[in-house]
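Since we're looking at a predicted model, the values are computed, not measured. Chain naming here is simple, since letters A, B, ... match the order of the sequence lines and numbering starts at 1 in each.
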There are 2 protein chains.
Amino acid sequence: MTKSDKKIPPRVIPRLSRYYRVLREYDQKTWVSSRELSMDTGFTDAQIRRDLAYFGQFGQPGKGYTIEELKKSIKQILGLDRQWNVLLIGVGNLGTALLRYKGFREQGFEIVAAVDADASKAGKIVNGVKIYPVDEIQHIVREKHILMAILTVPEQVAQEAAEAAVASGIKSIFNFAPAHLRLPPEVQVRHIDMTIELERLSFLSSRE
Amino acid sequence: MTKSDKKIPPRVIPRLSRYYRVLREYDQKTWVSSRELSMDTGFTDAQIRRDLAYFGQFGQPGKGYTIEELKKSIKQILGLDRQWNVLLIGVGNLGTALLRYKGFREQGFEIVAAVDADASKAGKIVNGVKIYPVDEIQHIVREKHILMAILTVPEQVAQEAAEAAVASGIKSIFNFAPAHLRLPPEVQVRHIDMTIELERLSFLSSRE
DNA sequence: TAGATTGTTAATCGATTAACAATC
DNA sequence: TAGATTGTTAATCGATTAACAATC
């Protein structure tokens, strides 16, 4: 699977995650149809077939999809058939909360180290994860084969922290800082901007 | 401004938030053009003019937009010209982190109370916010004029907690629990699903 | 074979971009 | 007036939905 595959609309991906999650909840059945998946996910059956068709032919006309095979295929498509070592950058309130969150590990995302600019935090262990001084970032990223970082630092230092991460070899960043990161295009970034989300709610609630 | 206005594409709203944020950083200038906003936000000038045109005529041909007026207009459009009292539901790791986060208040979002199912937390005060037992939710929502909730409870109780919030009068929910909430359509919901976000990064990183 | 459901093509819908007349 | 930039219309692009021949 390469970049030159026919273009996948970006919105397909989170839907695959949803299909995958629903599929994992089936424990009695062997087969599932796009119609059934539609009822359990809220997406239309046409869209589900379309989404899957971007990646191959997984079903059998007249029967549907075998749950086990489809799960395996989506798992592979999403890149979940491996472990992702994750670096947490910034062990403040939010960083600590994420460090303690158990949901990531289940899907193969494992926070294997943390760094913080506050030297007095270095050496501490939170939820089994050791905190290092920020200037050891390069060393840790290489030693622990880390490709992904979660960024939970204050706004003012987000850009430089992200650049340091990229310079160390990090390929994708999950950014919680309220800062628009400017990074090379080959670095994947997902940005959770909590204020923007609240503003969406505010907008919607204001125009009833 | 009512529901019957010409339809606003939903993706316009987070862009308005971005424009607003950039506008607030200008302190020397009086006028700004869509061209300049384009450079500072990364969106095209055509898109910026288009987005603003959904809500009225804010600019002057040949000159651009006056920053103060545009800021005021966007603030009003987003519903930020008032205070939003927010209830935090679930004072665990993530809930506590959000309680301590200072960024919300600046935009008029104020967490005025918290509830938790763990009775032993009741009465405690975190960052100036009092924690109540969950069965007082109705009382608090009414007394404190709360319309918005942030949901940071475990997956298993997310649905029932959301329903309780709605029954108390909450109109919009910012959901951090990894659960797909089924609520009446008039309730606004934003869902941050951290695992899905990590899976997007995983997908993108897997197909270079 | 009859019934069911896929994979895909064509039609529709919606959002973005280009272009430019209107106007400051 | 000359130069700049808006607001809007038309063209393009992209994603979703409908429909159905192929096939289990």
Once you round it to whole Å, what is the distance between C1' of C:dT8 and CG of A:D45? 14 Å

Starting at the 5' end of DNA chain D and moving along, which residue's nearest nucleotide shows up first, A:A46 or B:E36? B:E36

Of C:dT17, D:dT16, C:dT8, the nucleotide closest to the side chain of A:Q47 is D:dT16

Nearest whole Å is fine: how far is D:dT16 P from A:R11 CZ? 6 Å

Which nucleotide wins on minimum distance to the side chain of B:R50, given the candidates C:dT8, C:dT17, C:dT6? C:dT17

Tell me whether the side-chain N/O atoms of A:Q60 come closer than 4.0 Å to OP1 or OP2 in C:dG7. no

D:dA4 phosphate, OP1 or OP2: any side-chain N/O from B:Y65 under 4.0 angstrom? no

Counting N and O atoms only, with roles assigned by atom type, does the side chain of A:S38 sit under 3.5 Å from a partner on the main chain of A:S34, one being a donor and the other an acceptor? no

Just how far, in rounded Å, is C1' of C:dT5 from CG of A:L37? 13 Å

Classify the angle between the aromatic ring planes of B:F176 and B:F174 as parallel (below 30°), tilted (30 to 60°) or perpendicular (above 60°). tilted

Of the candidate nucleotides C:dA15, D:dC24, D:dT8, which contains the atom at the shortest distance from the side chain of B:P9? C:dA15

Whom does C:dA15 pair with, Watson-Crick or G-U wobble, provided both distances fall under 3.5 Å? D:dT12

Looking at A:K72 and A:E69, does any basic side-chain N land under 4.0 Å from a carboxylate oxygen? no

Measure the distance from CD1 on A:I48 to P on C:dT5 and round it to the nearest whole Å. 13 Å

Could you tell me how far apart B:F58 (CZ) and D:dG7 (C1') are, to the nearest whole angstrom? 12 Å

Please determine if a side-chain N or O atom of B:S34 lies less than 4.0 Å away from the OP1 or OP2 oxygen of D:dT5. no

Which part of the nucleic acid, if any, lies within contact of A:R35, taking any heavy atom under 4.0 Å across all strands shown: a base, the sugar-phosphate backbone alone, or nothing? nothing

Taking the cut-offs as 6.0 angstrom to the six-membered ring centre and 45 degrees off its axis, would you call A:R15 and A:Y19 a cation-pi pair? no

C:dA18, C:dA15, C:dC24: which one has an atom nearest the side-chain heavy atoms of B:P61? C:dC24

Nearest whole Å is fine: how far is D:dT5 P from B:L70 CG? 15 Å

Whole-Å distance between D:dA21 P and A:Q57 CD? 18 Å

Both distances below 3.5 Å, Watson-Crick or wobble geometry, any strand: find the nucleotide opposite C:dC24. D:dG3

B:F55 CZ to D:dT6 P, in whole Å, measures 18 Å

Nearest to side-chain heavy atoms of B:R49, which nucleotide of C:dA19, C:dT16, C:dT23: C:dA19

Closest non-hydrogen atom pair between A:Y20 and A:K71, with its separation: CE1-O, 3.5 Å

How far apart are the C-alpha atoms of A:T41 and A:R18, what are their side-chain angles, what is the distance that settles it, and do they pass the side-chain hydrogen bond (donor to acceptor under 3.5 Å, both in side chains) test? CA-CA 7 Å; A:T41 61; A:R18 290 281 306 282; 5.6 Å; no

Choose from C:dC24, C:dA18, D:dT16 the nucleotide whose nearest atom is closest to any side-chain atom of A:R15. D:dT16

